[in-house]
Amino acid sequence: MQLLTPHVYWAQRHGEIYLRVELSDAKNLDISLQENNILQFRAQGHGAKGDNEYEFSLEFLEPVRPEVNHKSTQRQVDIKIKKQEERWWDRLTLQEKKPLFLAPDFDRWLDESDAEMELQAKCESETMAFSSVSSAYIGLKKGYLFMYNLVQFLGFSWIFVNMTVRLFILGQDSFYDTFHTTADMMYFCQMMAALEVVNPLLGLVKTGFFPAMIQVTGRNVILFVIFGSLEDMQNKPVVFFVFYLWSTIEIFRYPFYMLACIGTEWKLLTWLRYSIWIPLYPLGVVAEAVAVIQSLPIFDETRLFSLPLPAVLGHSLSFSYTLQIYLVLMFLGLFINFRQLYKQRSRWYRLKKRKVH
Ligand SMILES: CCCCCCCCCCCCC[C@@H](O)CC(=O)SCCNC(=O)CCNC(=O)[C@H](O)C(C)(C)COP(=O)(O)OP(=O)(O)OC[C@H]1O[C@@H](n2cnc3c(N)ncnc32)[C@H](O)[C@@H]1OP(=O)(O)O
């Protein structure tokens with residue numbers, strides 16, 4: 001079988017070379033790149049001289065990338081090769097004289113300025129596509145955060161209003177059944193608050209993961225372990241103070257976040273969000289520490305959550321020992337978050353001063 005040369009049509013863009021080999025029903029394709037700019041092509045098929053084996057080689061003007069994308073259809077073989085450097089070539093081959101089998105592919109042919117405009121249009125459409133995807137993502141993120149903060153605001157507002165109304169009506173008597181009247185809502189809000197540990201991990205908010213983890217862990221230990229698992233703790237007045245201190249900050253913190261989600265700020269709300277934690281945080285931790293201390297004898301008596309030990313060591317280690325270590329962690333957590341909140345407050349008011357001047 002004679003070795004013949006097919007008709008090859010070419011076009012370029014700043015970054016690519018397109019070749020169209022006129023060979024129908026091509027089989028046994030052997031296409032390779034030698035020395036990063038010599039294309040070798042060999043195949044059987046129906047070309048200008050009927051069914052035969054056809055081959056050609058082209059030494060490109062400049063280096064190209066090693067990957068050769070090709071697709072053979074019934075009528076032709078399409079080859080796409082990326083240039084090593086994205087720039088316009090004066091010609092396709094290193095040799096100045098164009099090979100006889102090579103011709104411009106006028107189906108794809110653009111001159112340099114048209115190719116630049118096509119490139120610019122492609123960049124603009126990619127930018128628009130990216131900005132529409134990113135604005136959709138930002139919309140979804142703000143929508144999720146707004147709804148989360150709204151649910152938490154409503155939950156803690158219900159707790160705060162319920163406790164305030166009962167305090168005015170029942171006075172000190174309301175201290176003793178705070179848990180039974182508000183625990184379900186507090187359970188709901190504090191389980192939802194676990195999302196505040198996930199949100200920074202997902203990059204949805206700029207909160208540090210660690211301060212949020214301390215905050216959520218600290219509260220949920222008190223709620224689920226100290227109060228939730230010990231009935232004898234549930235009618236103690238300390239529950240009232242802990243729940244009131246928690247809900248007092250949240251009815252300002254969550255609306256502050258809601259406004260942040262819609263790019264709005266109310267000065268008074270911002271001041272409250274970044275100021276009332278100063279008394280409330282230490283008071284809250286002290287109230288929680290009182291709750292932990294009050295629970296120690298109950299854990300000793302009930303042996304709940306005690307660690308099993310060999311008989312020679314007394315059969316079990318009371319959970320109250322673990323809680324005494326936890327008391328130290330609480331004040332460490334208080335220090336960490338107090339510093340975090342002070343940093344946030346200073347940053348916020350530093351930014352405000354900059355905006356005013
Ligand atoms: C090895 C350690 C083990 C740990 C064991 C546990 C130790 C126990 C420690 C006990 C401490 C906890 C006790 C706690 O229960 C005490 C109390 O709560 S008492 C009541 C008073 N409490 C408070 O005042 C605390 C309130 N909580 C908070 O402020 C946050 O939870 C906290 C993480 C502490 C600090 O918040 P953050 O660092 O996030 O500051 P910002 O609020 O300024 O937020 C930073 C930026 O992120 C944006 N953001 C955050 N969350 C949202 C949201 N949900 N939606 C929208 N945007 C959000 C916010 O807008 C800020 O953005 P920008 O910077 O652009 O303004």
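For ligands, and for the atoms within them, numbers begin at 1 and follow the listed sequence.
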Taking only distance into account, with no hydrogens and no angle test, what donor-acceptor pairs under 3.5 Å do side-chain atoms of residues 225-239 form with protein atoms, sequence neighbours excluded?
{"unit_1": "Ser229", "atom_1": "OG", "unit_2": "Val225", "atom_2": "O", "d": "2.2"}
{"unit_1": "Gln234", "atom_1": "NE2", "unit_2": "Phe227", "atom_2": "O", "d": "2.9"}
{"unit_1": "Gln234", "atom_1": "NE2", "unit_2": "Gly228", "atom_2": "O", "d": "3.4"}

Please classify the [X] to ligand 1 contact at 4.0 Å (heavy-atom distances, strictly less than): side chain, backbone, both or neither.
X	answer
Leu341	side chain
Tyr254	neither
Met213	neither
Leu283	neither

Looking at non-hydrogen atoms alone, which of [options] comes nearest to [atom]?
atom	options	value
atom 25 (C) of ligand 1	Tyr274, Tyr281, Trp277	Tyr281
atom 57 (N) of ligand 1	Leu195, Val328, Val205, Thr248	Val205
atom 1 (C) of ligand 1	Phe210, Phe209, Tyr144	Phe210

Any N/O pair Tyr257/ligand 1 closer than 3.5 Å: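 By distance alone, the answer is yes.
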
Nitrogen or oxygen of Gln340 less than 3.5 angstrom from that of ligand 1: yes

Side chains of Tyr148 and Glu196, donor plus acceptor under 3.5 Å: yes

Check: Glu22/Tyr54 side-chain N/O donor and acceptor closer than 3.5 Å: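 On atom types as modelled, these side chains do not qualify, holding no pair under 3.5 Å.
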
ring-ring contact (aromatic ring centres under 6.0 Å, His included): pairs with one or both residues in residues 197-224, sequence neighbours excluded: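 Only Tyr187-Phe224 qualify under ring-ring contact (aromatic ring centres under 6.0 Å, His included).
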
Within 45° cone of Tyr18 ring axis and under 6.0 Å: Arg108 NZ or CZ: yes

Proximal ligand 1 atoms for Arg273, defined as those under 4.0 Å from one of its heavy atoms: 28 (C), 29 (O), 36 (O), 40 (O), 41 (P), 42 (O)

